[in-house]
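Okay, structure first, notes after.
Scope of the values below: all heavy atoms of this structure, side chains included, with no hydrogens, waters or symmetry mates. Please read all numbers here as calculations on a predicted model, not as lab measurements.
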Amino acid sequence: RGEVAVRHVGEVTYLTGGQTDPKGAGSLFLDGQIVEAGEDYFIFEGLIRIANTPDQGRICENSKQWRFAITQNRRYWRLREFEWCDGLTDYVDIYF
């Protein structure tokens with residue numbers, strides 16, 4: 001697991017963080033702001049990048065609005081777009 005820094009500037013909440021495989025095999029990075037939030041979801045506007053996983057050289061990167069939500073009483077928000085890059089299923093979870 002990695003870490004996400006939460007920063008509040010006025011009424012804007014920013015998220016920056018990610019994770020890197022200790023062996024250097026892959027990484028996840030996100031950077032942006034929360035533009036909407038509800039009881040069990042939030043909309044994140046910013047960059048998400050997944051690199052070198054599951055295969056070296058694979059880079060998935062997009063900057064847009066992303067929906068994260070809590071489902072089935074889980075202890076994390078999960079990105080609700082699972083196959084946004086090249087058809088592979090990528091899970092992005094932010095634990096609370």
Side-chain angles (χ1 to χ4, degrees):
R1 293 187 183 170
E3 292 188 17
V4 173
V6 179
R7 185 170 45 98
H8 302 283
V9 178
E11 294 190 21
V12 180
T13 301
Y14 295 92
L15 302 179
T16 302
Q19 73 181 54
T20 301
D21 182 286
K23 300 174 187 168
S27 65
L28 165 72
F29 176 76
L30 62 86
D31 185 40
Q33 64 183 353
I34 295 174
V35 296
E36 181 181 330
E39 185 176 320
D40 61 354
Y41 78 96
F42 66 88
I43 305 297
F44 171 80
E45 184 172 345
L47 171 73
I48 295 180
R49 179 188 311 120
I50 299 172
N52 297 316
T53 187
D55 303 308
Q56 284 294 327
R58 177 181 184 247
I59 306 291
C60 293
E61 178 176 295
N62 205 340
S63 187
K64 63 179 196 167
Q65 286 192 350
W66 308 88
R67 182 181 182 85
F68 285 79
I70 300 168
T71 59
Q72 301 174 350
N73 295 317
R74 293 184 169 124
R75 305 269 313 147
Y76 53 83
W77 293 278
R78 175 165 279 171
L79 177 64
R80 301 313 300 165
E81 290 185 55
F82 304 109
E83 298 174 359
W84 60 275
C85 179
D86 67 19
L88 293 178
T89 301
D90 292 304
Y91 293 103
V92 178
D93 299 330
I94 299 176
Y95 285 78
F96 51 88

Crowding at CD, Gln56 (>12 non-hydrogen neighbours, <6.0 Å): yes

Can any side-chain N or O of Asn52 pair as donor or acceptor with the backbone N or O of Gly57 at less than 3.5 Å? yes

Counting C-beta onward and ignoring hydrogens, is there a side-chain heavy-atom pair between [X] and [Y] closer than 4.5 Å?
X     : Y     : answer
Phe29 : Glu61 : no
Leu88 : Arg58 : yes
Cys85 : Asn62 : no
Arg80 : Thr71 : yes

In the hydrophobic cluster built from side-chain contacts under 4.5 Å, what are the other members alongside Val92? Val4, Val6, Leu15, Leu28, Leu30, Ile34, Phe42, Phe44, Ile48, Ile50, Trp66, Phe68, Ile70, Trp77, Leu79, Trp84, Ile94, Phe96

Where Gln65 and Glu81 come nearest, the two heavy atoms and their spacing: O-OE2, 4.2 Å

Check Gly26 against Thr53 and note the closest heavy-atom contact, atom names and distance. CA-CB, 4.1 Å

Would you compute the distance between atom [atom1] of [X] and atom [atom2] of [Y] and round it to the nearest 0.5 angstrom?
X     : Y     : atom1 : atom2 : value
Tyr91 : Arg78 : OH    : CZ    : 6.0 Å
Cys60 : Arg49 : SG    : CZ    : 11.5 Å
Glu45 : Gln33 : CD    : CD    : 6.0 Å

